[in-house]
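These notes are about the structure you will find just below.
What you see is a predicted model; the values in this text were computed from it and never measured. Remember, it's 1-based here, ligands and their atoms both numbered in the order they're listed. For this chain, numbers begin at 1 and follow the sequence in order.
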Amino acid sequence: SFEVKIASSGASFAVPADKTVHQVLAENGIEIMVSCEQGVCGTCLTRVLEGEPDHRDLYLDDDEHAANDQFTPCCSRAKSKVLVLDL
Ligand code: FES
C-alpha cells in the first residue's frame, strides 16, 4: 500500500491494495470526477506534486507518464510510498 497526501490540507490517507485512490478519497469526502474508471477517458486526471505514480491508464502518452506530474486516480497507483496530490 501507499499513501496519498492532499497538498491543500496536509491530510494523508492510506490506499490499500483492494481500493483505488479515487475510492479512498471519496470515502474521506474528497470527490474527484470520474467517468470510465478504467484509465481511458482522462476525466479524473489529477496533478501530482511529489512522488512517482504507477501509471495504469491508457490516456496519457509515454512522455506524459514519464513526467510524473499527473495521474489518473481511478486506476493508477504509486511506486513511491507517498504521492502528494494538488488537491
Ligand atoms: Fe476515466 Fe479515470 S475516470 S481515466
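In summary, the atoms of ligand 1 found under 4.0 Å from a heavy atom of C41, numbered by their order in the structure, are 1 (Fe), 3 (S), 4 (S). Counting atoms of ligand 1 from 1 in the listed order, those under 4.0 Å from a heavy atom of E37 are 1 (Fe), 3 (S). Atom numbering of ligand 1 starts at 1 in the shown order; those under 4.0 Å from a heavy atom of V40 are 4 (S). The ligand atoms of ligand 1 that sit less than 4.0 angstrom from a heavy atom of S35 are 3 (S). For ligand 1, the atoms sitting less than 4.0 Å from at least one non-hydrogen atom of C74 are 2 (Fe), 3 (S), 4 (S), numbered in the order shown with element in parentheses. Listed by atom number, the atoms of ligand 1 under 4.0 Å from G42 heavy atoms are 1 (Fe), 4 (S).
The closest donor-acceptor contact from the side chain of H55 to the backbone of H65 lies under 3.5 Å. Put simply, the side chain of T72 never gets that close to the backbone of C75: no donor and acceptor are under 3.5 Å apart. Remark: the backbone N or O of L87 is paired with a side-chain donor or acceptor of S8 at under 3.5 angstrom.
The proximity of L45 to ligand 1, defined as any non-hydrogen pair under 4.0 Å, does not occur for either the backbone or the side chain.
Metal site remark for atom 2 (Fe) of ligand 1: C36 contributes no N, O or S atom at a distance under 2.8 Å. Backbone or side-chain N, O or S atoms of C75 do not reach atom 2 (Fe) of ligand 1 at under 2.8 Å.
Taken together through direct or relayed side-chain contacts under 4.5 Å among Ile, Leu, Val, Met, Phe, Trp and Tyr, I32 and F13 form part of one hydrophobic cluster.
Contact annotation: D57 has no heavy atom less than 4.0 Å from any atom of ligand 1.
Here K5 does not pair with E50 in a salt bridge; the nearest charged N to carboxylate O distance is not below 4.0 Å.
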